[in-house]
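This report refers to the structure that appears directly beneath it.
For clarity, every value in this text was computed on a predicted model and none was experimentally measured.
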Amino acid sequence: MTSKSRSRIACTIGLAVLGAPLAHAAKNLALEEVVVTAQKREQSAMTVPVTVDTFTNQDLENTGALTMEDIQAYIPGLKVGEGVRGGGTTQSSFIIRGIESSNISTGGDPSVATFLDGVYLPRAAITVPFSDMERVEVLKGPQGTLFGRNAAAGVVNFIPNAPSLEEREGFVTAKLGNYDLFRVEGMSNIPLTDSLALRMNVMHNQRGAVLDSKGPAKPDPGEQNNQYARMALRWETTDRLTVQMAYDIDRVDNGPQARLSISEEYASYPDPTDRKLETDAINGGETRDMQGITGKLWYDISDVTTMSLIASYRAFETYNLQDEDATSDESVYVDTNNIEDSDIAYFEAQFNVALDWVDAVFGANYSKEDTYQQTALTFSYGAVVELGSAMVGVPAGVLNTLIGGPVAGNYVTERMTNEGDFEAYGVFSDLDFTINDWLNIITGLRYSNDKKAFSWDAPLTDFPVSQLLGENFFFNSDGREQGSASWDKITGRVVANAQISEGAMAFVSYSTGYKSGGYDSLNTSSREVPLAPEVVTNVELGLKGDLLEDKIRTQIALFKMVIDDRQESIESQAPGSNAAIPTVINTDEDIQGIELTADWLVNDNLRFGLIYTYREQESSRESYYDANGEFQEANQINATSPQEYTVTMDWSPEFDYGLLLLHLDYIYEENIEPSNEDHQDKFNSVNGYGDDTSLLNARLAWTTPGGSYEFALWGKNLLGNERVSQPGGLTGGELGTYHVGIIAPLTYGVDLKFVF
């Protein structure tokens, strides 16, 4: 932290202290009601017969979260990206109850649907930052009735704060920390008239790399630089009609993902716990340029009937060039780049009817998406020599020692270009019948239809060997190849919801979900045999409510999910290919488990929380070629999820000068990677491999008596955990260039907030 930053902090603290009167108070830690829209209408989270977890604005402050990757440990059954490796900004994915999306192909779809302000987000857009966010809702299990498209495993719903006519308000916050962390955010809500309000928020975030980069390439892996802004205008034209327009813009210009080599032959720092890495990736980095506009309308047709309309358009361009060999040795240079240029239009109409005996929702939606994706793989001539050496059994480095000089500095790039034109629509109804004072029955039904047209084009490179053989090493197509197909499905749900006490309810549900079929962007044979749709059936028993005089709030879910034709991404080396590439196959899954969240209000000043999940998974996989090119017969794999839990504590003691709030959380995750199918015994020698995740985070906040100023100290990974991921990499098996990710080191800093 710079001396200038420290001076600014001291000045802010001094001003706050000088203007603050004495007080004797503590922060209210009571279990407050959280309103959600999990059933397309506003309801208390404790009365919705769906397993839904919420992350509120206070939770975001306590954890310092910027994106979904930062909150996954606080929501049972949720994972983001590739665990310790991370998923980056443009190629991340949400995993719910062990169901993760297939690879980054734009021809496929995610298994978890993501919505921002009621509008569907494509995969490359799901990592929106938490700027002026009211809450995040995570719905577990298939949500095919109300959310439809690609909600086979669940839904992530981002709810930004809406403009308010009540009062003028705003805030400015700053987060400063080691590794040159600097994040500032501002919001202003302005009632322009009695019926018109404007809300604006902006955010800038930057942070240096948290690992020591020794390679020649810039920017450093792991650097962050992103900006986000949103403006919303809300007009309550009459007592019955409200209109809202919102525009958001997102700029990301990050360094490439941090990958640490463990290669004794090619890396200068093969011990990942040294936290040193090398990269020579040419033009490496990850960028996203995105903007979206959304119009919403609410109209009260009568005292019992309302209508809402949504229209949205979003466009984005992404670039993601990563070092695949994770070394600065040119003889094994390999990088990959994923470029997208896509747009999506989304429309939805919904009618709500609220009668004494039934609460009904009817609706329809339509989306049109145009996609462009280019996947590029660049490798040095030296890497080709090493690949050839591995094929004929010549020791690593021998041929490059003999002929490496003449070929040094030469590279070849293979490209696969895909274009897609997708249309999807659905119609749905959901009826909540009141049987008596304690029992409700819900029935829902949806019809979904998806149409996709997709193309492949991988021109022959000018690499001499490719010209001689008449084919590329990795990406090949017979000119521009095209495919088109359509899929449709009826999904639904039946739920029985019983109020078992004044503050607690139980439910049992049967629900189905559907993910469209599609295409594999790197596999032209999927033109003739498209990926089969993913169909999910879920049976769930849930209990939620406030118990023991509102001292304990809990949500427990027991579930059993059956997935037919799950679209699973594996590393596969097909006959004739020179290396493994991400490939999608179909797998049947049988998953059962338990999820638990609980909060215990010990007294007005102290609260504890627990998040826990356990899951067993049985997979029946079709035959395939593995990463080593060996044919594997159809088989069955049984797996148990790692033991994982998060314990939280919030303490706000009586204090004579403003409010104090201490937040602690401890995150534990058992490491079971050494027992999975990708494990190799030689990985056991890698420091940090096999270690469990054990993270202690803390934040101590002080708010002045008037509530205008807040100052907080925070730290993450206070125990110095050094867990690394399972070694992997595109050319790990062929060249020995395996690499890993590692848990972020100890980070610390301060938060400043001014509310007006």
Salt-bridge criterion met for [X] and [Y] (N-O under 4.0 Å):
| X | Y | value |
| --- | --- | --- |
| Lys214 | Asp212 | yes |
| Arg615 | Glu595 | no |
| Glu710 | Arg699 | yes |
| Asp325 | Arg259 | no |
| Asp546 | Lys551 | no |

When rounded to the nearest 0.5 angstrom, what distance separates CE in Met46 from OG1 in Thr554?
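With rounding to 0.5 Å, CE (Met46) is 8.0 Å from OG1 (Thr554).
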Just verifying a value: how many Å separate Phe316 CZ and Asp289 CG, rounded to the nearest 0.5 Å?
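Nearest 0.5 Å value for the CZ-CG distance: 11.5 Å.
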Mind checking what makes side-chain hydrogen bond (donor to acceptor under 3.5 Å, both in side chains) contact with [X], not counting sequence neighbours?
| X | result |
| --- | --- |
| Glu669 | Lys79 |
| Asn205 | Arg183, Gln224, Asn226 |
| Tyr666 | Ser694 |

Thr640 and Tyr614: CA distance, side-chain angles, deciding distance, side chain to side chain contact (heavy atoms under 4.5 Å, CB included) verdict:
CA-CA 8 Å; Thr640 300; Tyr614 175 80; 3.6 Å; yes
Test item: [X] and [Y] side chains (from C-beta on) under 4.5 Å apart, heavy atoms:
| X | Y | value |
| --- | --- | --- |
| Trp714 | Asp751 | yes |
| Thr173 | Lys175 | no |
| Thr37 | Arg135 | yes |
| Pro76 | Leu596 | no |

Go through it in stages, so that I can follow the logic: the residues are Ser131 and Glu185, the test is side-chain hydrogen bond (donor to acceptor under 3.5 Å, both in side chains), and I'd like the CA-CA distance, side-chain angles, deciding distance and then a yes or no.
CA-CA 7 Å; Ser131 179; Glu185 182 181 1; 3.1 Å; yes
Carefully, step by step, assess Val252 and Glu286 under the rule side chain to side chain contact (heavy atoms under 4.5 Å, CB included).
CA-CA 7 Å; Val252 176; Glu286 186 173 22; 5.6 Å; no
Once side-chain contact (heavy atoms from CB on, under 4.5 Å) is applied, do any residues pair with Pro256, and if so which ones, sequence neighbours excluded?
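Pro219, Pro221, Gln322.
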Determine the interplanar angle of the Phe683 and Tyr738 rings, folded into 0 to 90°, and report it as parallel if under 30°, tilted if 30 to 60°, perpendicular if over 60°.
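Ring orientation of Phe683 relative to Tyr738: perpendicular.
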Tell me the salt bridge (charged side-chain N to carboxylate O under 4.0 Å, His left out) pairs involving residues 687-697, sequence neighbours left out?
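Every pair satisfying salt bridge (charged side-chain N to carboxylate O under 4.0 Å, His left out) with a residue in residues 687-697: there are none.
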Taking ring-ring contact (aromatic ring centres under 6.0 Å, His included) as the definition, give me every residue that meets it alongside Phe55, ordered by chain and number, with sequence neighbours left out.
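ring-ring contact (aromatic ring centres under 6.0 Å, His included) list for Phe55, sorted by chain: Tyr74.
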Check against side-chain hydrogen bond (donor to acceptor under 3.5 Å, both in side chains), Asn338 and Asn320:
CA-CA 5 Å; Asn338 182 70; Asn320 189 351; over 6 Å; no
Dump the intermediate steps for side chain to side chain contact (heavy atoms under 4.5 Å, CB included) on Asn254 and Thr89, then the final yes or no.
CA-CA 9 Å; Asn254 292 344; Thr89 299; 3.4 Å; yes
